[in-house]
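Below you'll find the structure, written out as structure tokens, and then a few comments.
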Amino acid sequence: MNTATLHQYTPKNAPPRADVPIRHMDFRFEASEADTRFYLNTELATAYFEALSIFLTFGEDLVIDTARHHRQFLKDTELKRRVTSLIGQEAIHSKMHNEWNDVLAQHRFPVAFYRFLAHNVFKYGFKQLPHRLQLSLMAGIEHFTAVMAEFFMKHEEIFFETDDEKQRALWMWHMLEESEHKDIAYDVYQTLSGSYPLRISGFALAFITILMLVPLGGAAIPVLRRPRNLLSLRYWKDVRRSVGLLFGPKEGVYGSTMGHILDYLRPDFHPNDHDTTAYLEYYKERLLHPDTGLLTPYLVKEFVPAKRV
């Protein structure tokens with residue numbers, strides 16, 4: 001990293017940045033309690049999110065390594081502190097999803113095989129990219145998780161179609177924190193690079209990974225778990241419904257948010273152009289209230305990193 005090229009990036013009309021806490025969680029997952037059709041009682045759409053859970057642990061680790069590498073080049077102590085929060089949140093995301101993935105393995109999800117695939121893709125692919133492109137990829141990945149988090153913040157009812165309280169808590173916790181730190185990776189990228197072509201290159205890699213490779217992995221899961229699904233009319237009806245829930249223009253997680261996804265292509269884009277402040281306030285109360293919060297039974301401790309010079 002050539003420190004002579006660094007410049008301090010400040011988004012236009014930037015509001016004061018809220019603290020980003022690191023929360024240690026303990027969900028105590030049990031295989032007997034797991035709902036393998038938790039996403040609106042679908043098999044294929046649920047399989048997408050379970051594939052995402054497996055693969056995202058490697059994505060989280062890439063974000064952590066990239067953030068740690070680039071933190072040393074930052075001059076702004078507040079941004080450095082926020083990067084520490086990002087690293088902390090992502091590390092616990094990876095740990096908790098790995099624990100959940102171990103439960104999925106007990107339900108015949110191809111966890112070991114997908115971990116093998118992801119390990120090699122990241123070790124011999126993404127982690128061999130130049131550091132500047134890894135930084136751009138980190139910002140691109142965080143854009144997709146921010147879009148997904150905002151979608152689910154606006155569709156809270158989806159989480160309550162299942163009785164699996166712990167899986168619900170896992171995804172709602174992840175949703176909350178992805179929205180909390182959605183601007184950090186982008187601000188680091190703009191501070192240390194700011195190159196528009198490079199930013200779009202990272203976005204393209206994230207797009208291919210999240211909207212092409214992960215869906216392929218998800219699509220294979222129902223067949224790997226139950227080969228007879230290929231001959232089941234009921235399953236193919238599920239496929240049609242699931243594709244709509246993921247990619248449909250009205251209710252699809254990605255289909256209905258494609259405008260938000262592609263907004264990243266604007267040269268003057270910033271994650272905070274999509275304001276989720278009100279949703280964060282609502283969900284912090286809904287999830288973290290000391291007496292009634294849905295996450296409170298699983299929260300071990302919470303702290304905000306101190307600022308260091």
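These numbers come from a predicted model, not from an experiment. Both backbone and side-chain heavy atoms feed into the values below; hydrogens, waters and symmetry mates do not.
Smallest separation of non-hydrogen atoms from Thr42 and Ser242: CB-OG, 3.5 Å. When every heavy atom of Gly140 is checked against every heavy atom of Ala206, the shortest pair comes out as C-CB, 3.7 Å. Shortest non-hydrogen contact noted between Tyr235 and Ala219 is OH-O, 4.2 Å. Ala67 and Leu86 make their closest contact through CB-CD2, 4.4 Å (heavy atoms, listed as atom of the first residue, atom of the second, distance). Of all non-hydrogen atoms in Glu142 and Ala185, the two that sit nearest each other are CG-CB, 3.7 Å. What you find for Thr57 and Ile54 is that their closest heavy atoms are OG1-O, 2.9 Å.
Taken from CD in Gln134 to CZ in Phe126, the straight-line distance is 10.0 Å, to the nearest 0.5 Å. Distance check: His181 NE2 to Gln89 CD gives 6.0 Å after rounding to the nearest 0.5 Å. If you take NZ on Lys80 and CZ on Phe73, they are separated by 10.5 Å, rounding to the nearest 0.5 Å. Between the OG1 atom in Thr46 and the CG atom in Leu40 there is a gap of 7.5 Å [rounded to 0.5 Å].
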With side chain to side chain donor-acceptor pair (under 3.5 Å) as the criterion, how do Asp164 and Thr162 come out once you've worked through the C-alpha distance, each side chain's angles and the decisive distance to 0.1 Å? CA-CA 5 Å; Asp164 188 341; Thr162 177; 5.2 Å; no

Show your reasoning for whether side chain to side chain donor-acceptor pair (under 3.5 Å) applies to Glu177 and His174. CA-CA 5 Å; Glu177 295 197 346; His174 201 151; over 6 Å; no

Audit row: Ser179, Thr276, side chain to side chain donor-acceptor pair (under 3.5 Å) steps and yes/no: CA-CA 7 Å; Ser179 192; Thr276 53; 3.0 Å; yes

Could you walk me through whether Leu299 and Met25 satisfy the side chain to side chain contact (heavy atoms under 4.5 Å, CB included) test, starting with their C-alpha distance in whole Å, then the side-chain angles of each, then the deciding distance to 0.1 Å, before giving a yes or no? CA-CA 5 Å; Leu299 179 62; Met25 310 296 290; 3.6 Å; yes

For a ring pair (Phe, Tyr, Trp, His ring centres under 6.0 Å) check, start with the C-alpha distance between Tyr186 and His143, then their side-chain angles and the critical distance, and finish with the verdict. CA-CA 8 Å; Tyr186 188 89; His143 172 62; 8.5 Å; no

Give the intermediate values and the outcome of side chain to side chain contact (heavy atoms under 4.5 Å, CB included) for residues Glu156 and Met172. CA-CA 9 Å; Glu156 177 185 7; Met172 294 188 82; 4.2 Å; yes

Would Thr84 and Arg71 satisfy side chain to side chain contact (heavy atoms under 4.5 Å, CB included), going step by step from the backbone distance to the final call? CA-CA 8 Å; Thr84 300; Arg71 180 174 53 184; 2.9 Å; yes

Decide yes or no on side chain to side chain donor-acceptor pair (under 3.5 Å) for Ser94 and Glu60, but give the supporting numbers first. CA-CA 6 Å; Ser94 182; Glu60 307 279 17; over 6 Å; no

What do the steps show when you test Ser85 against Glu180 for side chain to side chain contact (heavy atoms under 4.5 Å, CB included), and what is the final call? CA-CA 10 Å; Ser85 290; Glu180 282 182 324; over 6 Å; no

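Side-chain heavy atoms closer than 4.5 Å link hydrophobic residues (I, L, V, M, F, W, Y) into clusters, and following such links, possibly through other members, connects Leu280 to Phe159. Under the 4.5 Å side-chain heavy-atom criterion for Ile, Leu, Val, Met, Phe, Trp and Tyr, Leu230 and Leu216 are members of distinct hydrophobic clusters. Both Ile210 and Phe151 are part of a single hydrophobic cluster, where members link through side-chain heavy atoms under 4.5 Å apart. There is no path of hydrophobic side-chain contacts, each under 4.5 Å, that joins Ile208 to Met258.
With a 6.0 Å radius and a threshold of 12 heavy atoms from other residues, nucleotides or ligands, Tyr124 has its OH atom at or below the threshold. The environment of CZ in Phe303 is crowded: more than 12 heavy-atom neighbours from other residues, nucleotides or ligands sit within 6.0 Å. In this structure, Asn120 places its CG atom where more than 12 heavy-atom neighbours from other residues, nucleotides or ligands lie under 6.0 Å away. Surrounding CZ of Arg28 are more than 12 heavy atoms belonging to other residues, nucleotides or ligands, all under 6.0 Å away. Under a cut-off of 6.0 angstrom, the local environment of CZ in Phe113 is sparse, with at most 12 non-hydrogen atoms contributed by other residues, nucleotides or ligands.
By the salt bridge (Lys or Arg N to Asp or Glu O under 4.0 Å) test, Glu165 is found to be paired with no residue, residues two or more places apart in sequence or in another chain being considered. Ala146 meets the side chain to side chain contact (heavy atoms under 4.5 Å, CB included) test with Lys182; sequence neighbours excluded. Annotation: salt bridge (Lys or Arg N to Asp or Glu O under 4.0 Å) contacts of Arg37 (sequence neighbours excluded): Glu43, Asp238. Not counting sequence neighbours, the partners of Arg266 by the side-chain hydrogen bond (donor to acceptor under 3.5 Å, both in side chains) test are Asp263, Asp268, Asp273. Scored by the side-chain hydrogen bond (donor to acceptor under 3.5 Å, both in side chains) test, Ser53 finds His97, Asn101 as partners (sequence neighbours excluded).
Side-chain contact between Asp76 and Thr191 is absent, with no heavy-atom pair separated by less than 4.5 Å. Between His274 and Val147, the closest side-chain pair of non-hydrogen atoms is not below 4.5 Å. Here the side chains of Val253 and Phe49 are in contact, with some heavy-atom distance below 4.5 Å. Using a 4.5 Å heavy-atom threshold, the side chains of Arg199 and Phe269 count as touching. At a threshold of 4.5 Å between non-hydrogen side-chain atoms, the residues Phe152 and Trp171 do not count as touching. A heavy-atom distance below 4.5 Å is found between the side chains of Glu50 and Phe38. Counting heavy atoms from C-beta outward, Pro290 and Thr296 have side chains that stay 4.5 Å or more apart. The side-chain heavy atoms of His93 and Asn98, taken from C-beta on, include no pair separated by under 4.5 Å.
By the 4.0 Å N-to-carboxylate-O rule, Asp187 lies too far from Arg82 to be salt-bridged with it. A salt bridge is defined here as a Lys NZ or Arg NE, NH1 or NH2 lying under 4.0 Å from an Asp or Glu carboxylate O, and Glu30 with Lys166 fails to meet this definition.
Judged by distance alone, with hydrogens and angles left aside, the side-chain atoms of Arg286 form no donor-acceptor pair with the main-chain N or O of Gly293 at under 3.5 Å. With hydrogens and angles ignored, the 3.5 Å screen pairs a side-chain donor or acceptor of His107 with a backbone N or O of Ala31. Formation of a donor-acceptor pair under 3.5 Å by the Tyr189 side chain with backbone atoms of Ser195 is found in this model. Under the 3.5 Å distance criterion, the side-chain polar atoms of His289 are matched with a main-chain donor or acceptor of Thr292. In this structure, Arg108 contributes its side chain and Arg225 its backbone to a donor-acceptor pair below 3.5 Å.
Between Phe144 and Phe203, the ring center distance clears the sub-6.0 Å criterion. Two rings, from Tyr298 and Trp173, have their centers 6.0 Å or more apart.
Under the 30°/60° scheme for interplanar angles, the aromatic rings of His131 and His69 are found to lie parallel.
Residue pairs that meet the salt bridge (Lys or Arg N to Asp or Glu O under 4.0 Å) test with at least one member in residues 86-106, sequence neighbours left out, are Lys95-Glu99, Asp102-Arg115.
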